[in-house]
Amino acid sequence: MFTETQVSQHWQAWSEMISPCFWEALVVFLQFLLILRFSIQSLSKRNMSSTKQNSSAEDSLDPIKLSISYKASICCCSFIFASNLLRLLFLLQGKGTNCKYTFTIIARTTQVLSSAIVLISVSNFRRMRCAKLPWSIRAWWICIFLQSVICLALDMHSNVLHNAFLSIVEYTDVIDIIACSYLSANSIRGTTGICFSSNSIKEQLLHDSPTQEPKESKRYSPYGKATLPQLVTFSWLNPLFAIGIKKPLGEDEVPDVDVKDSAEYLSHSFDCCLNDIQKRYRSRNQCIYRAIFLFIRKKAAINACFAVVSAAASYVGPFLIDDFVKFLSGKQEHKMKRGYILALAFLSAKLVETVAERQWIFGARQLGLRLESALISHVYKKGLRLSSQSRKSHTSGEIINYMNVDIQRITDLMWYSNIIVMLPIQVSLAIYILHVNLGIGSLAGLAATAVIVLCNLPITRMQETLQSKIMEAKDERMKATSEVLRNMKILKLQAWDTKYLDKLDSLRKIEYKWLWKFLRLEAILSFILWESPTLISVVTFGACTVLGIPLTAGRILSALATFRMLQDPIFDLPDLLTVIAETKVSADRVASYLQEDEVKTDAVEVISADETEFSIDIKQGLFSWDSDTDSPTLGEIKLKVKKGEKVAICGNVGSGKSTLLSCLLGEVPRVGGSVTISGSMAYVPQSPWMLTCNIRENILLGNPYNHDKFERTIHVCALKEDLDSLTSGDLTEIGERGINMSAGLKQRIQIARAVYQDADIYLLDDPFNAFDSQTRRKVFKECLVGMLKNKTILYVTNQAEFLQSADLILVMKNGKIEQAGRFPELMQQNRGFRSLVGAHRETLQAVIEARHLNKVFANQTESEYEDDALSMITQEQHDDKKRNIPQDVQDEERERGSIGKEVYWSYLTAVGGGGLVVIIVTAECLVQVLQVGSDYWMAWASPSTTATNTTVEMSFLFLVYMFLCLGGSICVLLRAMLVAITGLLTSQKHFEDMLNSIFHAPMSFFDSKPTERILDRVSSDQSVLDLDIAKKLSWCAFSVIQILGTITVMSQVAWPVFAIFIPVTAICIWYQQYCIPTARELARISEIQRAPILHHFAESLTGAVIIRALGKEDHFTSTTLSLIDNHSRPCFHNVSAMEWLHFRLNLLSNFVFAFSLVLLVSLPGEFINPSIAGLAVTYGFDLNAQISTIIWNLCSTEIKMISVERILQYTKIDSEAPLVIEECQPPKNWPETGAICIKNLQVGYAENLPPVLKDITCTFPGRKRVGIVGKTGSGKSTLIQSLFRIVEPRAGKILIDNVDICKIGLHDLRSKLSIIPQDPTMFEGTVRKNLDPLEEYTDQMIWEVLDKCQVGDLIRRNEMKLDSRVSENGENWSVGQRQLICLGRAFLKKSSILIIDEATASVDSVTDAMVQKRITMDFNHCTLVIITHRLHTAIDTDFILILNDGKMVDYDTPFNLLQRKHSCFSKLMKEY
């Protein structure tokens, strides 16, 4: 119990600190600041009034509504003004003051003046149309509330001490509290109570208007316009939170980034830095690193300053804790003022630390986003300029990995770089504090720290090595995955999907092996560094015990606090070392990519169109794809083309036709000679290149839309009829790689794109191979000979009918121009050209003979043989005027609201049903219990001062402490290893489930999802599961356990701390619930907006040659910068939202800490144990960090769990039919004859669209040749897909040898059929692997097949023979050679049924004739289903099926069809 003397001394000291005069002075100062602020604001408004007059006049048209809250605010402000005026009047009469009279007069006058200003300001809200309260008003209302509470408490305290009665002033103070309480609550809400309601209908109409301009034009950057207080408190985000709390945030509701954060500004800045560095240094490798340093140095220096201030402020507490314990131990000897000054020092340091920490973390994240934008744009620009050789070294999958993974890891270093700056400051301050408290004993701690750091160096090198291996394995997996996804259709058609699934599994196993080694090493490193503070404390205290240095409670607590503060940089050290290793590997990879050779700008000299009469002039040209080889690809090229000439290029497969065009584009390195081009160029490649947008945008390609010019273009390219038949016309969306368009339509769109460019020179690489004869002739006549008659045109063609129209014909052979001249001249020469034309004439002879059959029946009446086909077609076109092409590309799936509990449950129970998770949590609980126990033991058992007797022997004290630390270390090791094992096993299970689900998905899934969207799941999202999620969840659990331990320790000393912690926790939860909906949606939008960047990049890489040829680099770069900004906007505001939350949570934790300090200072010394109180304060130092860590971990984990959510979406894809149905397996020799019976077949691509095939009924006899003929879009390819069940029938059935194909497994069906597809597909690897990926055939069999396909000699010339390299997409092989290799697959498979889909469209007539003969010889006992535009091929079949608009127009033998004069086939033959 206290004596009366002690109590009176205590209250006397208390009164010295809380006198009314002190608070009067504080209030005067704050209100003076308010008056000064309003004075400055009024002056600035006076200057700006003229500029705002117009907008105010416009806004004044909208009436306003005053709510009750606004009126109540006016009343409360009026009452406060009146009460302050009343106090001033009483004071002037000499009443109511305990302070100096002059000072009190100034204080009361200031209060009256400030309350009057606020009253006037609030009254003007209506005129100024303010919906939000200014921050100054909100701050003033909160201040006067605190003032009224404190002043009333002091007055009541004074009246109780002096037994006085309440005066009128005190009564007004009581009423003031009510008014101030309302105003304080209103300030937290932040609204004035003024509503705008008249324009709601107008706004709704504008919102719903289809002609409304995109909202992006109305976006602004609140960050760019924020004031200094808003930047410090992040309150500029408040409007965004106000939207996000009401509804899920939309993409168009995210504000824009500031100009200095925009991709255009950052890209330009980085390019300037790089150019500046390249001028000063020659080393290209070092240039990239120096440019990055130059780019980030200013912002990084500012961040470093904040980081240093934060680090220094964090050590104020450990430095003063010994003084605080001494104060608590001797309160009777010290004045209360000393205790409050110490408490104020603690609190001030924490506030400085909070502000500085939040600023450097936000600045580091912002800098990371800036660097990411700059690097992505630079990588993209590099991709557009890569040479052909460089493209072989870096596949599109690898380059996407650079953007998706490597750049992200480089930008992560921006955050960790500040830790590098802070680390020496923190270690130095820690050693200094230890030296002050422990003297020479601190050297032992310094030595232990140095040993730990040195031990990390070899581990870091091992991490760097393992990280390189992980990235290499990931690259291989992503490269294979990208190739598989792009060619999934051919894999399903060939029944190779299971083989390639096994391949990806094996590549993942290699990656898994390196991941396990990396995570195991990381777990060991985490254990070492986690226990480093414990090890350092054991060594330090042990040294002190040996040296006889007295260990008092204050010194021990100061040392423990220092070790605890040192724990953060030591905890960050493993991550720092890991990030440095990862960044080094990633930076080297990106730097290596950026150093690759680019397309030489001097390969072709481009001059203006009016400088010379020649459009093209090649002198002694030598060109080679590989500059290191001695034999050029093209040699001795001499060519002069006058303006307006038409030049045809022909030759056998692989003769160099396409390469010649590439030389003119500057794509092939020039070894010798010169190339001069006069004017602009347009290029049409052999393989169509489509963008994922509508048809109009594909044609315009960034050019302005001119209606007349556009209509002329689509007319001459034979697109008018197709576009008119589409529901959306030229606004019809094209799927990825034109998946929802026929090959002919894609090629015509591509030609239209070139025509619309209005270039001087046109280079066309066999553009007619996908057209039927009628379309081919129309496009050539109206486009090349018509609209482009005055243009210079070079066109590669294997269609001999177009050679006669050429002004010059070039015949290529073995990389040289063998013949050159006009058609009659070349025909007179008995050389290669004559054989090419001769082969064409042989095929033409078959058509002529067939037409002769038609004349036999010419004497019969027309009505007798009148075929109703044409009338039927016409009727169908009237009935089905508008066709629906499925809009395949769907918006990416985006969940709404919080992450579902099932997502967490699925992740936690994926391995062992969650049993390992329970063990991990138990280990974490034991870690915290043992850590708290060891600290508590040291504080309890140590003497308070050197004069106090020890409770136990120092040796025993140290021994118990060491055993407790050892037990904690074992638990830490167990936890680290279990987290690594569980996380990796869980990640692997999710990967396998996702991969299996994707491989078993129907083709409609791949048609509707851009490849890059799927790659994003298996790349970045999978990386999050591999390396992040398990650690995040573990930290979530441990941070909760940790703060429970802290509150337990603090509450044991002063239980009111627990009482105040409850409402503070509630406020923290409210803040978290208020912030996280916005942050979560921003994270989701950010993830969704990343895929368009990757997709655009992949498309640009594929069409880089066309982009360069058309001079559209700037347009595509601008599009990329816009997509980067779309990704940066949600990213930047998500980072800001997290800092907004952290700042407020830190302030709340500082409030709890301040409350506990004041409580410990205010309580009499006998109430508390100074040592345990010091321990509570030591734990309180980390309170703000722990609270913010909990919320940060919860928020960041929820954001990271979006990756789990996205992967789970792809584990639940609707599967296609089973691969094998055990009870319905066909016989082993099925199909024997290959008879195909189609009954009432209806096929559609989507339930909401009309069927593509309508009631097809016919029978393909076994071992016969059946030709399928029809216009583009008639349903030919759909019929083939239904045979393989790529598209499942809606109605009807297909029987093969009397077996219903819909009742057997997909693998049983597809493995028995063979197909030669229209688009030749080759996989990266070798020729052998492309022909025989299942490894079922011998080398001899493969060589025989290659000879049959006319490519055997070509492969024998290569040193690698069957192991000849095939690059990504087979780009090092010509399209014709690729088609022949695909033909070889069918020869090897030798199925009873072979489907040929325009298999020789890209080969010359000679090769086509030889291949057709070989097919006839080798497949004479097979059923052949042939889709063809070459009528001589159709004539050579046994039956012909004619399709139009999905219906069967005719099905009969060629002989019978030609007998009918007006049949469709007869018409086609006449046109041919």
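Electrostatic pairing of K381 and D1114 does not count as a salt bridge here, judged by no charged N lying under 4.0 Å from a carboxylate O. A salt bridge links D758 to K791: one of the charged nitrogens lies within less than 4.0 Å of a carboxylate oxygen. A salt bridge is defined here as a Lys NZ or Arg NE, NH1 or NH2 lying under 4.0 Å from an Asp or Glu carboxylate O, and K279 with D276 fails to meet this definition. The pair R385-E1113 does not count as a salt bridge, with every side-chain nitrogen at least 4.0 angstrom from each carboxylate oxygen.
More than 12 heavy atoms of other residues, nucleotides or ligands lie within 6.0 Å of NE2 in H1115, so this atom counts as buried by the packing criterion. Heavy-atom contacts from other residues, nucleotides or ligands closer than 6.0 Å to CD of E611 number more than 12. No more than 12 heavy atoms of other residues, nucleotides or ligands sit less than 6.0 Å from atom NZ of K789. In this structure, N814 places its CG atom where only 12 or fewer heavy-atom neighbours from other residues, nucleotides or ligands lie under 6.0 Å away.
You'll find the side chain of L622 stays beyond 4.5 Å of the side chain of L634, heavy atoms only. At a threshold of 4.5 Å between non-hydrogen side-chain atoms, the residues I616 and V647 do not count as touching. The side-chain heavy atoms of S678 and F614, taken from C-beta on, include no pair separated by under 4.5 Å. Between C650 and I809, the closest side-chain pair of non-hydrogen atoms falls below 4.5 Å. With contacts defined as side-chain heavy-atom distances shorter than 4.5 Å, the pair Y593/V379 qualifies.
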- Under the salt bridge (charged side-chain N to carboxylate O under 4.0 Å, His left out) rule, what do E1324 and K1329 come out as? Steps first, then yes or no, please. CA-CA 9 Å; E1324 186 174 10; K1329 287 292 184 183; over 6 Å; no

> Step by step, would you call D1339 with K1361 a salt bridge (charged side-chain N to carboxylate O under 4.0 Å, His left out)?
Replying inline: CA-CA 11 Å; D1339 286 2; K1361 300 297 188 290; over 6 Å; no

Check the pair V1351 / I1381 against side-chain contact (heavy atoms from CB on, under 4.5 Å), numbers first and verdict last. CA-CA 8 Å; V1351 290; I1381 292 292; 4.1 Å; yes

| task | Show your working on side chain to side chain donor-acceptor pair (under 3.5 Å) between S658 and D765 and close with a plain yes or no. | result | CA-CA 6 Å; S658 299; D765 191 356; 2.7 Å; yes

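The heavy-atom pair separating L719 from A752 by the smallest distance is CD1-CB, 3.8 Å. Between V675 and L664, the shortest heavy-atom distance links the atoms CG1-CD2, 4.3 Å. Annotation for W625 and S388: closest pair CE3-OG, 3.1 Å, computed over non-hydrogen atoms.
Aromatic ring orientation, Y380 versus H1096: parallel (interplanar angle below 30°, classes split at 30° and 60°). Relative ring orientation between W689 and F1116 is described as tilted, the plane-to-plane angle lying within the 30° to 60° band.
A donor-acceptor pair under 3.5 Å is absent between the side-chain atoms of R1378 and the main chain of P1320, judged by distance alone. Between the side chain of N703 and the main chain of L700, a donor-acceptor pair closer than 3.5 Å is present. The backbone N or O of G651 sits less than 3.5 Å from a side-chain atom of K657, completing a donor-acceptor pair. Under a 3.5 Å cut-off, the side chain of S390 and the backbone N or O of D597 do form a donor-acceptor pair. The backbone N or O of L384 sits less than 3.5 Å from a side-chain atom of R1108, completing a donor-acceptor pair. R670 places a side-chain N or O within donor-acceptor distance of the main-chain N or O of D602, the cut-off being under 3.5 Å. Remark: the backbone N or O of T1326 is not paired with any side-chain donor or acceptor of D1363 at under 3.5 angstrom. Side-chain atoms of Q747 do not come within 3.5 Å of backbone N or O of G744 as any donor-acceptor pair. A donor-acceptor pair is defined here as one N or O able to donate and one able to accept, closer than 3.5 Å; no such pair exists between the side chain of K778 and the backbone of V716. Judged by distance alone, the side chain of S482 and the main-chain N or O of K479 form no donor-acceptor pair under 3.5 Å.
For the residue pair Y289 and D588, a side-chain donor N or O sits within less than 3.5 Å of a side-chain acceptor on the partner.
Remark: L794 CG to L810 CG distance equals 7.0 Å, nearest 0.5 Å.
Annotation: F802 is not in aromatic contact with Y795 [ring centroid separation under 6.0 Å not met]. Ring centroid separation for the pair Y762 and Y683 does not come in under the 6.0 Å cut-off.
Geometrically, K709 engages Y756 in a cation-pi contact defined by less than 6.0 Å to the ring centre and at most 45° from the axis.
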